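Comments concern the structure below.
Predicted model, so just to flag it, every value in this text is computed and none were measured. Sequential numbering from 1 along the given sequence is applied to the chain's residues. Counting convention: from 1, in listed order, for ligands and their atoms alike.
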Amino acid sequence: MATDVNPFESLQEQIDDAAAHMDVGDDVLARFKRPERVLETTLSVTLDDGSLGTFEAYRSQFNGDRGPYKGGIRYHPNVTRDEVKALSGWMAYKSAVVNIPYGGGKGGIALDPKEYSLTELERITRSYAAELRPLVGPDTDIPAPDVNTGQREMNWIKGTYETLENTTAPGIVTGKAIESGGSEGRLEATGRSVMLTAREAFSYLGTDLADATVAVQGYGNAGSIAARLLEAEGASVVAVSDSSGAVYDENGLDAGAVREYKTETGSVTGYGGVEERSNDDLLTADVDLLIPAALENAIDADLAEDVEADVIVEAANGPLTPDADDVLTDRDVYVLPDVLANAGGVTVSYFEWVQNRQRFYWSEEQVNDELETVIANAFADLTSAFEDQDLPNFRMAAYVVALRRVIDAYEQGGNWP
Ligand code: GLU
């Protein structure tokens, strides 16, 4: 794993590469390569044993030209300022790829949630929410779940914000539980867009998803739901992994049963007496479709040389280094980028926010239908750019489409001051 690759530099390289295919000056481009502002703060929280815990926490507001900053909050020991900046940029371009009226933001706290009790996590989350309060709001910056956060944390953030503001404002965060103003379909949305993107890609390439074998790296929310939905499309999920290792069955695993096993035991390894492999073996498995669904930099240039999959659909944010992208482009491996493939999460966040503002709620069927339309339209925009401008790969196509939308919004607004 290429852990030394700085994700913020990867983001900037992706933007530069796309801009080389566009008519945009370096002076204007500079604005779209850096966040507008970053909050870096230290949370001080009393722990259960009475000692004081201090935690590095961030919120990066990358770009707000197309709407409120939007993006998740990550709890992970490796959270850094540069990682959060990169993730916030990917959010800005993701919202533009799927054409929803948001900018990009991201937050994070450097901690391993497994090391803290429920009450400690609640106090840490409320402390973070209080720090965020001057920056966020349903019209300014709208957090959501990301790695190791979910409905529970979003409900706490909403509660803290509403108490401090003496109001009700369900649209302050998305990814809430249904009873707290969440949307049907939001929990599954990231995995669903991975499946929808794979379906569009296989049909575009003239191959049948129902005959495909699939490997999934990372078996959290996005990876496990994508696996289950791909299985429902007829594909065979032959390998899945998490940080403990990989399990493999050439006859196909039962994606839902592996998820239940992981929920009970904490990991996928040990499941059902099937073959176990290393994480690198999973990434280079001889499958039709590979889904990296864990963290950044999972595949570097060296590993990319050994990838056997024909198609990669990125469920994680930034799982390929830019050098890996070059290798895979040269090797004619089709990569469907994160900013399209995992955009279901933010898209259904947008639907949740619309429902919160209208205080009128949709059925799961309506949510899923609207999501399908958004992903199909975005895929069509991306393939048009790919073909019309003869771009090297789908990531470049996504960035060309997205950058154009963000830059147009900025230029139409005029310069200030
Ligand atoms: N954290 C998710 C992502 O990376 C969802 C963000 C959101 O719903 O705002 O896209």
Side-chain angles (χ1 to χ4, degrees), residues 7 11 58-64 66-76 79 83-98 100-109 132 136-151 153-154 157-158 170-177 181-194 196-197 218 220-223 225-226 292-296 313-319 336-356 367 370-371 374-375 378 398 402:
L11 167 78
Y58 306 92
R59 180 77 183 169
S60 170
Q61 298 182 330
F62 192 88
N63 183 281
R66 298 183 64 260
Y69 308 104
K70 184 83 190 81
I73 292 165
R74 172 173 297 202
Y75 289 180
H76 195 278
V79 162
E83 185 197 41
V84 171
K85 282 161 63 174
L87 290 161
S88 69
W90 285 325
M91 285 309 306
Y93 297 112
K94 190 184 301 185
S95 297
V97 165
V98 286
I100 56 173
Y102 284 144
K106 198 77 156 205
I109 309 180
L132 288 185
V136 298
D139 288 314
T140 49
D141 184 352
I142 308 145
D146 197 76
V147 172
N148 290 329
T149 62
Q151 293 183 339
E153 287 74 17
M154 298 310 114
I157 292 171
K158 168 179 170 273
I172 175 61
V173 279
T174 57
K176 303 174 292 289
S183 174
E184 297 291 347
R186 175 62 185 83
L187 209 54
E188 293 198 327
T190 307
R192 184 169 293 277
S193 67
V194 170
L196 292 168
T197 301
N221 177 273
I225 290 171
L295 295 170
E296 301 90 73
V313 176
E314 295 182 329
N317 290 308
L336 280 301
D338 45 9
V339 288
L340 169 73
N342 71 28
V346 73
T347 302
V348 178
S349 278
Y350 168 56
F351 299 158
E352 179 175 331
W353 178 79
V354 167
Q355 293 169 74
N356 290 156
V367 169
E370 298 279 355
L371 174 61
V374 167
I375 297 296

Would you check, one step at a time, whether the test side chain to side chain donor-acceptor pair (under 3.5 Å) holds for Arg186 with Ser349? CA-CA 7 Å; Arg186 175 62 185 83; Ser349 278; 2.9 Å; yes
Decide yes or no for [X] and [Y]: does some side-chain heavy atom of the first lie under 4.5 Å from some side-chain heavy atom of the second?
| X | Y | value |
| --- | --- | --- |
| Asp146 | His76 | no |
| Lys70 | Thr174 | yes |
| Lys85 | Leu11 | no |

[X] neighbourhood, listing ligand 1 atoms whose heavy-atom distance to it stays under 4.0 Å:
| X | result |
| --- | --- |
| Asp146 | 1 (N), 2 (C), 4 (O) |
| Lys106 | 1 (N), 3 (C), 4 (O) |
| Gly345 | 8 (O) |
| Met91 | 3 (C), 4 (O), 6 (C), 10 (O) |

Protein contact to [atom] [nearest heavy atom, distance to 0.1 Å]:
| atom | result |
| --- | --- |
| atom 10 (O) of ligand 1 | Lys94 NZ, 2.7 Å |
| atom 7 (C) of ligand 1 | Ala144 CB, 3.3 Å |
| atom 8 (O) of ligand 1 | Ser349 OG, 2.6 Å |
| atom 9 (O) of ligand 1 | Lys70 NZ, 2.8 Å |
| atom 2 (C) of ligand 1 | Pro145 O, 3.7 Å |

Working to the nearest 0.5 Å, report the span between CG of Asn342 and NZ of Lys94.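 Reported to 0.5 Å precision, the distance equals 3.5 Å.
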Measuring from Asn221:CG to Thr149:OG1, what's the distance to the nearest 0.5 Å?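 Rounded to the nearest 0.5 Å, the CG-OG1 separation comes to 10.0 Å.
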Just let me know how [X] lines up against ligand 1, side chain, backbone, both or neither, with a heavy-atom cut-off below 4.0 Å.
| X | result |
| --- | --- |
| Ala343 | neither |
| Arg186 | side chain |
| Asn317 | side chain |

Result of checking Asn148, Val147, Ile157 against Ile73 for side-chain contact (heavy atoms from CB on, under 4.5 Å):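 Among Asn148, Val147, Ile157, the one meeting side-chain contact (heavy atoms from CB on, under 4.5 Å) with Ile73 is Ile157.
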Ala189 to Val348 - nearest heavy-atom pair and separation: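 Answer, listing the atom of Ala189 first, then Val348: CB-CG2, 3.5 Å.
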Any atom of ligand 1 sitting under 4.0 Å from a heavy atom of Gly175?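 In this structure, Gly175 fails to qualify as a contact of ligand 1 - no heavy atom is under 4.0 Å.
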Should Glu296 and Arg74 count as an ion pair when the cut-off is N to O under 4.0 Å?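 A salt bridge is present here (some side-chain N lies under 4.0 Å from a carboxylate O).
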